[in-house]
Amino acid sequence: MPTRRELVRALEAAAGRDNVIWRPADLRLYEYDGTIDRMTPWAVVLPGTTAEVAGCVAACERLEVPITPRGAGTGLSGGAIPAKRGVVVSTARMRRVLDVDVDNRTALVEPGVANIQVTEAVAQYGLFYAPDPSSQKACTIGGNVAENAGGPHCLALGVTQNHVLGLEVVTAGGEVHWLGGAVAEQPGYDLRGLFIGSEGTLGIVTKVLLRLLPAPASIVTMLAIFDTVEEACRTVSGIIGAGLIPAALEMMDALTVRAVEAGMGIGYPPNAGAVLLIELDGLQPVVAAEATQARAACIENGATEVREASDPDEREALWRGRKLAIGSLGQLAPNYYILDGVVPRTRLVETMAKVAEVARAYELGIANVFHAGDGNLHPCIVFDEREPGATAKVLEAGEAVMRACVEAGGALSGEHGIGFEKKQFMPWIYADTDLENMERVRVAWGNTGQFNPCKIIPGGTGCGEMAQQEAALQAAGPDAYV
Amino acid sequence: MRMSDLSVTAEPRVAGRPPLAVHAPASLDELASLFRQASDATLVLIGGGTQAELGNAPRGNFELVHLSDAIPEHFEHQHEDLTVDVSANLTIDAVNKQLADAGQMLPLDPSLPSRATIGGVFATGFGGPLRSRYGLPRDLLLGATVMRADGELVKAGGRVVKNVTGYDLMRTWCGSLGTLGVFTRVTLRVQPIPDAVELAISAPTADDVRTMADRLFRTDVRPIVAEAAPVEGGWTLLLRVPRMAEGVTRELCGNGDNVVASPGYETLRDLGHDAPLAIRVWCLATLAPKVADDLIALGATVAFQPLSGTVRAAWRETGPTDRVRDWIESKRNFLRGSGGSIVVERMPVEWRSRCDSWGQPPSTLRIMEQLKHQYDPAGRLSRGRFVGGI
């Protein structure tokens with residue numbers, strides 16, 4: 001075991017004296033992400049180049065110290081938390097857009113670039129980057145790669161897997177490699193595809209080649225209001241069943257609407273049981289026809305009102321409620337805990353009913369905002385951490401919701417990842433042989449157990465010590481995301 | 001339901017070499033036993049046999065394994081969810097026939113769909129004309145079960161369209177030519193059968209084809225098929241577009257209706273399936289027109305997919321010359337810098353010692369070898385056929 005001084009010296013040699021953080025007060029910033037888990041690293045290093053990243057990984061390997069990559073720390077599964085302490089490698093200094101190739105519609109970026117920065121950089125060419133998680137103003141592309149991030153516009157366009165062409169990575173074993181490339185088809189194993197969604201356990205991304213799309217010709221955004229979540233869910237099925245694949249299909253329930261209205265006064269009817277945000281884009285005549293069909297599906301399933309944006313300002317207003325929904329939860333209670341589950345679309349109604357049952361059984365408020373078109377739900381449990389036993393209750397309720405998702409034929413995560421939070425549930429989905437099979441992936445990439453340990457696959461020694469400090473529970477606020 | 005209808009020839013060969021033995025296991029247990037047998041021979045796995053020529057010759061002795069009867073037939077369609085669970089031995093046509101009952105289809109179209117199996121299309125990972133709209137096979141795979149070289153069945157993924165639950169082994173297995181395991185069952189996304197029209201538009205040059213296709217894409221006409229073939233005096237671009245986009249399409253393409261008709265979707269899809277030499281060039285869409293022109297000058301029959309930058313070419317008996325082989329080698333070197341490659345899907349036996357099916361392996365070969373070592377250390381599955389001699 002190295003001393004802290006040895007460790008700091010080795011990291012300074014790799015990334016420069018100014019780029020190593022080791023003072024306890026400074027380390028506090030790096031002990032958390034978007035979840036309720038905490039663990040303080042021994043040091044944080046901020047490399048600025050691929051070579052520096054490789055140097056940091058090599059130093060940690062030589063000193064046999066755990067290493068955990070970190071983007072913006074907005075993750076919602078504990079992926080960036082240094083479960084066994086050690087070193088956090090932050091990509092905060094690697095945030096340049098390196099190149100935009102307009103003819104081939106690609107952009108080469110460093111991993112610390114914020115998601116929204118990409119679209120901002122390419123909008124002038126009539127292009128955009130499709131995956132748009134709600135945290136996009138802060139979350140990084142590197143983090144998006146790690147978690148195979150989604151977002152509202154992934155319904156029609158796909159998730160990060162479908163928009164990342166190539167990756168330069170420093171593997172867990174310390175080697176620098178390019179995975180994939182500008183041409184999607186390549187002979188060999190799709191290592192790029194294996195790396196995406198590997199939650200920072202196989203290496204650190206140092207460059208990303210992104211696929212860009214032309215901005216759509218025509219957009220229609222509608223907000224439909226219902227008395228019940230069930231009617232809204234049936235509308236979703238109706239729309240998809242009619243052969244439409246909208247650009248986005250987002251739902252919010254009564255509790256969320258109440259919070260949004262209390263916090264922002266957007267103009268949602270305060271007694272709405274559920275609202276459905278529908279966006280269609282593409283060729284004007286096609287979009288117009290689809291809008292008619294979508295509107296009909298809403299009315300058929302009991303919509304009390306359907307509003308349509310007639311200009312970009314109105315469109316932004318309709319979206320504002322959805323984008324700031326989580327931030328509004330502070331109106332309901334001081335704390336919240338976001339869940340991420342996914343079920344086949346046809347099982348949405350029954351799953352939402354089960355979520356409501358869990359809320360009743362545990363006497364907790366659960367506000368639901370989610371990507372209805374994908375069956376990807378985000379029940380948000382609102383509570384007050386100061387109440388004795390509240391946190392434990394919340395975690396139990398969360399587990400009950402996850403069980404409901406798995407029982408409905410779903411998965412454990414639609415877009416936030418397994419991380420630390422959910423690895424204990426993996427045996428619900430996978431047999432021991434499947435988990436052992438996945439463990440072999442790590443070995444192949446040079447992860448001998450020190451690279452982002454205690455994530456995804458259950459087991460592993462020394463993983464039970466993540467502190468859940470009382471004062472550290474996530475407080476709801478205007479900059480919160482889901 | 002009809003399974004793959006493979007006519008076993010008297011002497012089945014792979015890359016021109018005869019197998020030591022031919023097996024047709026009748027169950028998954030028998031297949032697993034076969035995998036576990038101590039033997040220095042490697043196993044080459046055959047579904048519909050439509051891509052048996054792909055890849056290099058197996059290293060050492062090999063035995064052929066017909067998979068059709070080993071896998072229990074399974075078809076479960078969740079039509080409202082747009083997903084389907086199918087056993088890997090079903091043919092593309094058989095699956096599509098059942099999906100059509102609900103107005104849906106597989107968003108992939110390999111050549112010879114009456115013989116090509118689900119397992120086979122994911123083992124090779126190649127896209128057909130529908131790739132222009134729906135992406136590669138790996139983008140359609142939501143979940144999969146494979147039998148590993150040690151006979152163990154393992155799975156990854158699930159049934160839902162958004163999933164970050166463990167490693168994406170589905171994408172790793174896709175295109176691995178069975179070297180990491182054999183697909184037994186998969187869950188796929190399906191699509192509604194689009195209400196579409198087919199048009200053949202003429203264009204003077206390959207560059208014009210690309211410009212037209214790109215213009216359509218940028219204007220939100222998302223062609224379902226965009227496949228071009230050379231004809232007398234130029235090119236013909238076969239388009240399949242949503243019916244509601246027909247007017248815009250004709251406008252954008254200059255209303256150049258073709259005098260010489262396109263060879264047609266099926267011919268283009270099945271190009272080269274029985275040719276002595278057939279190649280597949282993957283390159284940037286901006287570089288593809290020049291590749292297409294080169295190939296015509298070399299006497300090939302060509303199918304050019306402007307939206308993806310894929311160019312397929314096939315030659316008849318007298319076609320495969322040294323000149324063609326030299327072109328392949330030098331073009332591979334040229335394209336490598338921009339991420340392009342050339343796969344030689346079928347080649348004359350005489351070429352085998354001088355032409356690698358895949359080209360020079362990427363530097364990530366090390367990681368690929370590690371994965372192979374993890375999942376099939378003894379090389380029981382398709383040893384030597386894959387990239388870099390894996």
Side-chain angles (χ1 to χ4, degrees), chain A residues 103-104 147-148 150 154 158-159 162 171 177 179 181-191 193-194 196-198 214 216-217 237 241 243 282-283 285-286 289 342-346 374-376 409-418 426 429-430 433-434 437-438 440-441 443-445 456, chain B residues 78 80-83 127 135-136 138-139 148 152 154-156 158-169 171-172 174-176 192 217-221 242 244-245 248 282-286 308-310 338-341 343 358-359 361-364 366-368 370-371 373-375 387:
Chain A
D103 288 336
N104 287 301
E147 307 292 353
N148 191 20
C154 288
V159 293
N162 305 104
T171 65
H177 285 287
L179 314 176
V183 180
E185 293 94 328
Q186 300 205 338
Y189 301 146
D190 184 14
L191 299 177
L194 179 56
I196 296 170
S198 63
S237 288
L283 265 187
V286 176
V342 56
V343 298
R345 202 171 19 246
T346 46
D374 295 312
N376 185 191
L412 291 174
S413 169
E415 58 187 4
H416 295 172
I418 300 299
M426 288 287 268
I429 306 263
Y430 294 119
T433 43
D434 301 322
N437 195 60
M438 288 200 182
R440 300 185 193 188
V441 172
V443 179
W445 287 78
I456 309 179
Chain B
Q78 301 90 27
E80 282 184 48
D81 288 323
L82 292 166
T83 58
L136 291 170
R138 71 185 185 215
D139 296 319
R148 221 166 41 194
E152 202 70 51
V154 287
K155 75 169 197 280
R159 195 183 268 186
V160 284
V161 300
K162 281 177 80 172
N163 203 340
V164 195
T165 308
Y167 296 115
D168 195 335
L169 282 168
R171 276 192 163 81
T172 318
C174 188
S176 66
F217 185 78
R218 279 184 290 110
T219 324
D220 274 322
V221 176
M244 280 191 284
V248 175
W282 291 322
C283 63
L284 291 178
T286 42
S308 70
T310 299
S338 53
S341 56
V343 178
W358 309 101
S363 62
T364 47
R366 276 184 45 74
I367 305 176
M368 297 190 207
Q370 299 281 17
L371 283 167
H373 177 70
Q374 286 297 319
Y375 294 118
V387 171

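Reminder, nothing fancy here: chain letters follow the sequence lines and each chain counts from 1. Side chains included, hydrogens not; waters and symmetry mates left out as well; all remaining heavy atoms used.
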Exercise. Taking the side chain as C-beta and beyond, is there a heavy-atom pair between V387(B) and Y189(A) under 4.5 Å?
Worked result: no
For this session: Could you check which of E152(B), R138(B), R366(B) has the highest count of heavy-atom pairs closer than 4.5 Å to chain A?
Result: R138(B)
For this session: Determine the minimum heavy-atom distance between S198(A) and Y167(B), stating which atoms define it.
Result: CB-CE2, 3.6 Å
Problem set entry | Side-chain heavy-atom pair M368(B), L191(A) within 4.5 angstrom cut-off | yes
For this session: May I ask you to test the M426(A)-T165(B) pair for a side-chain heavy-atom distance under 4.5 Å?
Result: yes
Seminar exercise, completed: Taken to the nearest 0.5 Å, the spacing of N148(A) CG from K162(B) NZ works out to 9.0 Å
Exercise. Quick one: are H177(A) and I367(B) in side-chain contact, heavy atoms under 4.5 Å?
Worked result: yes
Exercise. Among L284(B), V160(B), D81(B), who wins on heavy-atom pairs under 4.5 Å with chain A?
Worked result: D81(B)
For this session: Just jot down the side chain to side chain contact (heavy atoms under 4.5 Å, CB included) partners of R218(B), sequence neighbours excluded, or say none.
Result: R105(A), P214(A), D214(B), R215(B)
Seminar exercise, completed: Honestly, the part of T310(B) sitting under 4.5 Å from a heavy atom of chain A is side chain
Exercise. Quick one: does D139(B)'s side chain get under 4.5 Å of N162(A)'s, heavy atoms only?
Worked result: yes
Exercise. Less than 4.5 Å apart, any side-chain heavy atom of Q370(B) and any of W445(A)?
Worked result: no
Exercise. How would you list, by chain and number, every residue that makes a side chain to side chain contact (heavy atoms under 4.5 Å, CB included) with M244(B), sequence neighbours excluded?
Worked result: V286(A), A289(A)
Seminar exercise, completed: With chain A, the option among L82(B), V343(B), V161(B), N163(B) that has the most non-hydrogen atom pairs under 4.5 Å is N163(B)
Exercise. Between L169(B) and M438(A), is any pair of side-chain heavy atoms under 4.5 Å apart?
Worked result: yes
For this session: Go through the atoms of E80(B) and report whether side chain, backbone, both or neither lie under 4.5 Å from a heavy atom of chain A.
Result: both
Exercise. Heavy atoms, side chains only, cut-off 4.5 Å: are V164(B) and V159(A) in contact?
Worked result: no
Exercise. Which region of T172(B), side chain (C-beta onward) or backbone (N, CA, C, O), has a non-hydrogen atom less than 4.5 Å from a non-hydrogen atom of chain A, or is it both or neither?
Worked result: both
Exercise. Is chain A contacted by the side chain of L136(B), its backbone, both, or neither, given a heavy-atom distance below 4.5 Å?
Worked result: side chain
For this session: Among the options G158(B), A245(B), G359(B), C283(B), pick out the one with the most heavy-atom pairs lying under 4.5 Å from chain A.
Result: C283(B)
